[in-house]
Amino acid sequence: MSTTYSNPEEIITEEAELLSEATAYRRFTDEDEEDEDDGEQTDVNEEALTEGDAEDLGEDELWFSEELTKHKSIHWSKRPSILQINVILFLFTFSLSVSSASALVVIFQLCCNTVSKHGLCDPVEAQLYLATIIQYTTAAGGILPLLVSAKFGEMSDRFGRKPMIIVIVVGLLLHKLINYYLFITSTVFPFTSFIVFQFLFSAVGGVGSLTAIAQSYVSDVAEATKRTQAMAYTTAALTAGQAVGPLCGTFLSSLVKVDNMQNIGPTKVGADATFSRKQLLPMQVELGVLALLSFTAIFILPESRSEKALNKSRASSIATIDTNALNQLRALEQPSLWTKMNRYLNLFKPLLLLTYPSSIIPIHKKHMEKKYRVIVILMIISLTLYSSIFFAVGSIFVQYGMLRFDWGAEEISYFITSLSISTSFALIVGTPFLNNTILQKWCGYKVLKHQLDLVDFWSIMFGRVVSSIANLGLVFATNNPQFFIAVIAMTFASAGDTAGTTALLKFFPNSKIGEFFGAMHMVESFTTLILPFIVMALYKTLIQNGVPQLIFLVILVTSFIYFVILLYIKKSLHLTRDSIEEEVELSRSSSVVSFST
């Protein structure tokens with residue numbers, strides 16, 4: 001329904017009223033100052049809002065410093081900490097990995113039953129069918145996260161990290177319960193049901209979504225200069241769960257003494273594979289751990305964001321959704337119900353943050369706005385491309401071991417455990433040693449708070465070089481020991497991997513941390529929806545041509561692209577040993593933007 005205006009003055013008056021209603025107030029004063037200034041408001045016009053969009057960097061730092069001080073004043077049992085979120089991550093990956101080997105064996109057995117002819121299981125046919133399942137599972141599990149993952153991060157800024165964590169872990173518990181039911185009631189692989197439920201439950205996220213929220217949680221409680229190390233500990237918690245889980249799964253499998261668990265290698269052509277329900281014991285343990293995790297997230301884990309921080313993010317979010325309202329007003333129309341809903345359901349809006357908009361660029365860096373925008377976008381592309389390709393190829397490791405080296409459940413467990421332990425060691429020991437001892441102490445490189453520095457640059461470069469050498473080793477590995485050594489060597493690249501994320505985070509204000517990680521997860525969800533499908537198709541082609549080992553060259557090519565982009569960024573920023581950044585005075589804005597009534 002449209003409204004008719006008789007003169008320009010009415011249009012201007014109505015526009016000002018709608019603008020004031022669509023714009024949230026932001027208070028950047030202490031609670032005591034708020035009490036003293038209670039009732040005082042400053043009306044602002046549209047021009048003032050536009051000029052004030054860029055957050056003052058000093059003010060943002062001061063606000064974040066106060067948040068950290070408040071955390072320290074809370075009793076230790078209720079205080080948000082890196083340890084608490086790491087416990088959540090450990091339990092999460094432990095629950096998934098404790099049943100990983102036995103679940104893969106069960107799935108392969110069901111695949112064998114599906115493709116068997118005359119009571120015989122062709123290992124190549126079963127392997128191709130398993131690859132097809134992984135392709136469709138990856139695609140089905142990536143569509144909804146692509147739509148909602150960024151919104152998860154934005155909502156965690158506005159409503160808290162804890163509610164989003166609860167949604168993820170409880171959703172995963174329900175998903176695993178359904179999968180367990182499908183396995184115990186099927187004699188062949190339940191392809192359609194498995195893919196459908198994978199699609200539906202992907203809406204609540206998984207490891208990727210939880211990792212993004214956990215990284216936001218860590219950023220809330222860790223000082224900016226210590227985030228790289230804190231992120232390394234977070235990743236280490238993830239991999240530690242992956243290391244301990246398979247060992248427990250192997251132990252549980254040994255308790256039930258099911259012989260055929262170790263005798264269904266894909267090179268053994270024989271009668272249809274069958275499995276005992278005793279083999280599902282690790283899956284039952286997985287469900288129990290997920291139930292414990294849900295209880296911990298709901299009743300024990302503290303929220304990392306204070307009410308003041310949540311209000312600040314809510315105000316910032318509301319203040320950015322007035323564009324549609326102004327467009328409607330300028331068209332002399334009242335916003336429709338759909339327009340109002342769209343303001344809140346615009347799932348792709350957080351992606352705008354990754355374009356590095358002017359509204360988040362500090363005033364003292366405005367003169368280099370275009371340069372910084374190009375640098376940020378290139379860093380996002382390189383980081384996302386590498387992580388997605390590594391994820392796609394990484395999912396092939398176990399399949400390749402089963403095909404090339406005749407792995408069974410025991411070998412799979414040992415492989416996952418070795419991979420996780422070496423990754424944890426690289427993150428807990430390697431990352432601090434590389435960053436603090438080698439790069440800062442020995443080389444004398446300085447840490448910059450608001451842009452990529454030489455510590456970040458050489459950390460990332462170290463990761464790419466080690467990864468490239470290790471992948472060449474995978475290509476030429478001819479036996480189990482060689483393959484294991486190459487994979488373990490590759491895990492040491494993770495000592496520099498966290499630097500890519502923390503360096504990128506430096507460019508964004510603290511009030512946008514959750515939205516940043518959510519938007520990054522949305523981009524990664526899109527690339528992991530497409531790239532694994534392509535990589536798996538390439539892998540199937542290489543299998544049919546007898547050269548499956550060439551799949552590892554994909555990571556090598558990606559590392560080279562990352563390498564070239566890093567060199568360009570280093571040159572653009574003129575990074576040297578003596579690089580410093582402009583000092584910004586820590587001050588608090590006295591302006592107040594509020595509703596006019």
Side-chain angles (χ1 to χ4, degrees), residues 92-93 95-111 113-115 126-152 164 167-213 242 245 280 282-284 286-287 289-291 293-294 347 388 391-399 521-537 539-540:
F92 189 83
T93 53
S95 67
L96 295 179
S97 60
V98 71
S99 65
S100 57
S102 59
L104 185 58
V105 169
V106 169
I107 290 174
F108 186 82
Q109 290 170 334
L110 293 175
C111 289
N113 294 346
T114 303
V115 302
Q127 183 77 203
L128 291 174
Y129 187 71
L130 179 60
T132 301
I133 291 172
I134 293 176
Q135 278 185 306
Y136 280 91
T137 300
T138 302
I143 295 175
L144 290 183
L146 175 64
L147 300 177
V148 303
S149 55
K151 210 65 178 178
F152 260 50
M164 299 298 104
V167 169
I168 293 171
V169 297
V170 173
L172 181 64
L173 173 60
L174 295 176
H175 186 196
K176 293 298 182 178
L177 280 170
I178 292 177
N179 280 351
Y180 179 80
Y181 174 79
L182 292 176
F183 288 151
I184 65 175
T185 57
S186 303
T187 56
V188 295
F189 188 80
F191 187 90
T192 302
S193 299
F194 190 83
I195 300 301
V196 168
F197 284 114
Q198 178 72 20
F199 172 78
L200 295 177
F201 280 98
S202 65
V204 299
V207 176
S209 297
L210 183 62
T211 302
I213 301 298
Q242 293 173 339
L280 300 177
M283 297 184 192
Q284 296 167 355
E286 174 189 43
L287 295 175
V289 174
L290 283 175
L293 176 59
S294 299
L347 301 177
S388 300
F391 170 81
V393 177
S395 64
I396 294 174
F397 284 153
V398 173
Q399 292 183 68
H521 183 51
M522 174 179 277
V523 174
E524 290 173 355
S525 295
F526 175 76
T527 54
T528 53
L529 176 65
I530 304 299
L531 292 179
F533 197 88
I534 296 174
V535 170
M536 191 60 68
Y539 180 61
K540 291 166 67 175

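Please read these numbers as outputs of a predicted model, since none were measured by experiment. We're numbering straight along the sequence, starting at 1. Below, each value reflects all heavy atoms present in this structure, side chains not excepted, and no hydrogens, waters or symmetry copies.
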Would you give the length of the straight line joining atom [atom1] of [X] to atom [atom2] of [Y], rounded to the nearest 0.5 angstrom?
| X | Y | atom1 | atom2 | answer |
| --- | --- | --- | --- | --- |
| Leu531 | Met536 | CG | CE | 12.5 Å |
| Leu210 | Leu293 | CG | CG | 8.0 Å |
| Ile178 | Leu200 | CD1 | CG | 8.5 Å |

Any non-hydrogen side-chain atom of [X] less than 4.5 Å from a side-chain atom of [Y]?
| X | Y | value |
| --- | --- | --- |
| Phe183 | Ile107 | yes |
| Phe194 | Asn179 | yes |
| Leu130 | Phe189 | no |
| Thr114 | Phe191 | no |

Non-neighbouring partners of [X] that pass ring pair (Phe, Tyr, Trp, His ring centres under 6.0 Å), sequence neighbours left out:
| X | result |
| --- | --- |
| Phe201 | His175 |
| Phe391 | none |
| Tyr129 | none |
| Phe199 | none |

Which pairs count as salt bridge (charged side-chain N to carboxylate O under 4.0 Å, His left out) when at least one residue sits in [range], sequence neighbours excluded?
| range | value |
| --- | --- |
| residues 131-145 | none |
| residues 129-145 | none |
| residues 175-201 | Lys176-Glu286 |

Counting only pairs under 3.5 Å, give me each side-chain donor-acceptor contact of residues 167-174, with atom names and distances, residues two or more places apart or in other chains.
none

**Prompt:** Does Thr132 have any side-chain hydrogen bond (donor to acceptor under 3.5 Å, both in side chains) partners at least two apart in sequence or in another chain, and if so, which?
**Reply:**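 Partners of Thr132 by the side-chain hydrogen bond (donor to acceptor under 3.5 Å, both in side chains) criterion, ordered by chain and then number, come out as Lys540.
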**Prompt:** With sequence neighbours excluded, what pairs up with Thr211 under the side-chain hydrogen bond (donor to acceptor under 3.5 Å, both in side chains) test?
**Reply:**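 Result, side-chain hydrogen bond (donor to acceptor under 3.5 Å, both in side chains) vs Thr211: none returned.
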Where [X] and [Y] come nearest, the two heavy atoms and their spacing:
| X | Y | answer |
| --- | --- | --- |
| Ile133 | Ile195 | O-CD1, 4.3 Å |
| Ser388 | Glu524 | OG-O, 4.1 Å |
| Gly245 | Ser97 | CA-OG, 3.3 Å |
| Leu280 | Ile184 | CD1-CG2, 3.0 Å |

**Request:** Apply side chain to side chain contact (heavy atoms under 4.5 Å, CB included) to Ala126 and list each qualifying residue two or more places apart in sequence or on a separate chain.
**Result:**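 Testing Ala126 for side chain to side chain contact (heavy atoms under 4.5 Å, CB included), a comparison that skips the adjacent residues, returns Phe108, Cys112, Val115, Cys121.
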**Request:** Can you sort out the partners of Ile530 under side chain to side chain contact (heavy atoms under 4.5 Å, CB included), two or more places apart, ordered by chain and number?
**Result:**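 Ile530: side chain to side chain contact (heavy atoms under 4.5 Å, CB included) contacts with Phe526, Ile534.
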**Item:** Ser95 (side chain) donor-acceptor with Val289 (main chain) under 3.5 angstrom
**Value:**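 Judged by distance alone, no pair lies under 3.5 Å.
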**Backbone of Val523 reached by a side-chain donor or acceptor of Thr527 within 3.5 Å** =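 Between the backbone of Val523 and the side chain of Thr527 there is a qualifying donor-acceptor contact (under 3.5 Å).
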